[in-house]
Amino acid sequence: MNEYRKLIKPYIKGKSISTDSSFQNGIDETVEFLKDLFLKHDFRVDIVTGYDNPIIVAYYEVDPKVETCLIYGHYDVQPADKSDGWMFDPFSATEFEGRFYCRGAIDNKGQNLIHIVNIFKLIKEKKLKFNVKFMIEGNEETGSPKIESFIKHNKELLKSDFVMISDGEIVSNLPTIEVGFRGGFNAELKITTSSTDMHSGIFGGAVPNAIHELSIILSKLYDSKTYKVNIEGFYDDVEEIEENILKNNRSIPFSIEEYMNLTGTFDGGLLLEEGIDYYTAVSLKPTVHVTGINSGYTGIGFRNSISGSAVAKINFRLVLNQEPDKIIKLFKKFLDKEIPKYVKYELITTNPYNGIKVDIKNKWVERAYSSLEQAFGNKPIYKYCGGGLPIVTFFSDILRIPNVLIPLANEDCKMHAANENFSIEQIKKSLEFSRIFFSK
């Protein structure tokens, strides 16, 4: 734990915000920190450029005859500023009341540091069981648009027997193994009803209003009674959920009080299809959500203009067998049907990726299961994840190696929010898991 405390502060210090090019110095600082750290511990280090921000690949060989584990992580982080509601400087790694508070505490610097610290220690003690390759990238928060190409072009550099990824949250304070992710894509829908905004007193009551028209379109996306998506053909390729998976999800402890506390929702704010439990709804059922709307005047006072254009950001979460390209075509067909002829629209879609279910019937997942049980004192649960992690699909399809997905963050970690944090108790258990897993 002392070594972890020593390293997390300089690791967090670099403002490696990939979504804003003005923070390039923070990216460079973090890359240099990792490079020097791995070289200091006798790793062979490659800094690969040409795929957006630099990718660090650090390799330590115990014995050419033993198996190799590829450990994936990312050093880039979401934006953060004290004024966003942080209790402390988000880049200071402040330890307070049993937690580290900082941007990157769990997403993902703090989690990949768990394995870094243990690998260094096991090398020193001559107890490392596997050859180890770290692949730590700097564009995960921007969707890693070039990571697929990087993996395709660097198969030999990344050649391994299996991959370990720790980039998520445990469930109900229980050790967790992730076994699936949803796919999806983002969409930007812009509608135009006129070439200019117009005075609401002179033209109101006659001209179409872009905000009104967009609201009508978006309201038709969902059935307000069943909470199902209304796009025709949306569910055609959704496979029936196996009974053993439903049983697994229903066995995961769920408290409506804890849910409301964690999400900040109110009484009755749990909207589920009939017969579907919470964990199935957020991981194995597809969904569509409007994540942003921009139009009109929202400053001080009133402008009283009718908007001629409006934009909505829409996020699609898809399950296995739903092809993103097909769903995009179905969405366009839906828009063509629902948008009136006096409204023009533009649709931009980005970063489509497929969902995946992970094969857990292998010796590395079994080793992770027993290591987690020893470290946490509880049997692990299997978790299907609502989020997407395209890198898992790429490792499986391109490198043809199994994924071992072990989230280590506490459930109330506030990922992507102000006061992101990593529980000290959780760090200690995670360090113990990593030590057991990678030890001879």
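The structure presented is a predicted model; accordingly, all values stated were derived computationally and were not measured.
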With side-chain contact (heavy atoms from CB on, under 4.5 Å) as the criterion, how do Ile116 and Leu37 come out once you've worked through the C-alpha distance, each side chain's angles and the decisive distance to 0.1 Å?
CA-CA 10 Å; Ile116 291 171; Leu37 185 63; 4.2 Å; yes
Note: Tyr101 and Asn419 closest approach over all heavy atoms is CD2-O, 3.7 Å
Count the heavy atoms of every other residue, nucleotide or ligand shown that sit under 6.0 Å from NE2 of His416, and state whether that count exceeds 12.
yes
Which residue pairs pass the salt bridge (charged side-chain N to carboxylate O under 4.0 Å, His left out) test when at least one of the two sits in residues 106-115, sequence neighbours left out?
none
Can a salt bridge be assigned to the pair Glu425 and Lys429 using a cut-off of 4.0 Å between side-chain N and carboxylate O?
yes
Is the distance between the ring centroids of Phe331 and Phe316 under 6.0 Å?
yes
My understanding is that only residues two or more places apart in sequence, or in another chain, count here; which of them pass side-chain contact (heavy atoms from CB on, under 4.5 Å) with Asp89?
Phe91, Ser92
When you measure from the side chain of Asn186 to the backbone N and O of Asn351, does any donor-acceptor pair fall under 3.5 Å?
no
Glu242 (side chain) donor-acceptor with Asn244 (main chain) under 3.5 angstrom:
no
Could you check whether Glu420 pairs with Lys414 (Lys NZ or Arg NE/NH1/NH2 to Asp/Glu carboxylate O, under 4.0 Å)?
no
Pairs in or reaching into residues 326-346: which pass salt bridge (charged side-chain N to carboxylate O under 4.0 Å, His left out), with residues at least two apart or in two chains?
Lys220-Glu338, Asp237-Lys326
Please tabulate, for side-chain N and O atoms in residues 194-203, each donor-acceptor pair with protein atoms closer than 3.5 Å (sequence neighbours left out).
residue: Ser194; atom: OG; partner: Thr196; partner atom: O; Å: 2.7
residue: Asp197; atom: OD1; partner: Gly308; partner atom: N; Å: 2.9
residue: Asp197; atom: OD2; partner: Arg303; partner atom: NH2; Å: 2.7
residue: His199; atom: ND1; partner: Gly201; partner atom: N; Å: 2.8
residue: His199; atom: ND1; partner: Ile202; partner atom: N; Å: 3.3
residue: Ser200; atom: OG; partner: Asn304; partner atom: O; Å: 3.0

Enumerate the residue pairs fulfilling side chain to side chain donor-acceptor pair (under 3.5 Å) with a member in residues 389-405, sequence neighbours excluded, ordered by first and then second residue.
none
The residue among Val319, Ile391, Asn354, Leu405 that forms side-chain contact (heavy atoms from CB on, under 4.5 Å) with Phe181 is Leu405
Anything under 30° is parallel, anything over 60° is perpendicular, the rest tilted; go ahead and classify Phe437 against Phe162.
perpendicular
When you measure from the side chain of Asn108 to the backbone of Gly104, do you find a donor-acceptor pair of N or O atoms at a distance under 3.5 Å?
no
Could you note down all residue pairs passing side chain to side chain donor-acceptor pair (under 3.5 Å) where residues 257-278 supplies at least one of them, sequence neighbours left out?
Ser255-Glu257, Thr263-Thr265, Asp277-Thr280
Which pairs with one or both residues in residues 138-150 pass salt bridge (charged side-chain N to carboxylate O under 4.0 Å, His left out), sequence neighbours excluded?
Asp52-Lys146, Glu148-Lys152
Return the set of residues passing side-chain contact (heavy atoms from CB on, under 4.5 Å) with Lys35 (not counting sequence neighbours), or none when no residue passes.
Glu32, Leu39, Val45, Ile47
Heavy-atom pair of closest approach, residues Pro253 and Ser172:
O-OG, 2.9 Å
With a 3.5 Å cut-off and no angle check, do the side chains of Gln322 and Tyr235 form a donor-acceptor pair?
no
Any donor-acceptor N or O pair under 3.5 Å, side chains Tyr382, Glu178
no
Any Gln426 side-chain heavy atom under 4.5 Å of Leu431 side chain
no
Going by side-chain contact (heavy atoms from CB on, under 4.5 Å), name the residues that satisfy it together with Ile348, two or more places apart in sequence or in a different chain.
Glu188, Thr350
Between Asp46 and Arg44, is there a salt bridge with N-O shorter than 4.0 Å?
yes
Any donor-acceptor pair under 3.5 Å from Ser309 side chain to Ser307 backbone
no
Is there a donor-acceptor pair under 3.5 Å between the side chain of Thr30 and the backbone N or O of Gly26?
yes
So, Tyr4 versus Asn118: side-chain donor-acceptor pair below 3.5 Å or not?
no
Is it the case that the side chain of Lys133 and the backbone of Lys159 share a donor-acceptor pair, with hydrogens and angles ignored and the cut-off at 3.5 Å?
yes
Under a 4.0 Å threshold between the charged nitrogen and the carboxylate oxygen, would Glu243 count as salt-bridged to Arg250?
yes
List in chain and number order the residues that pass side-chain hydrogen bond (donor to acceptor under 3.5 Å, both in side chains) with Tyr353, two or more places apart in sequence or in another chain; answer none if no residue qualifies.
Arg317
Counterpart residues, side-chain hydrogen bond (donor to acceptor under 3.5 Å, both in side chains), relative to Arg182 (two or more places apart):
none
Residues which pass side-chain contact (heavy atoms from CB on, under 4.5 Å) with Cys413, listed by chain and number, not counting sequence neighbours:
Ile106, Glu169, Ala409, Asn410, Met415
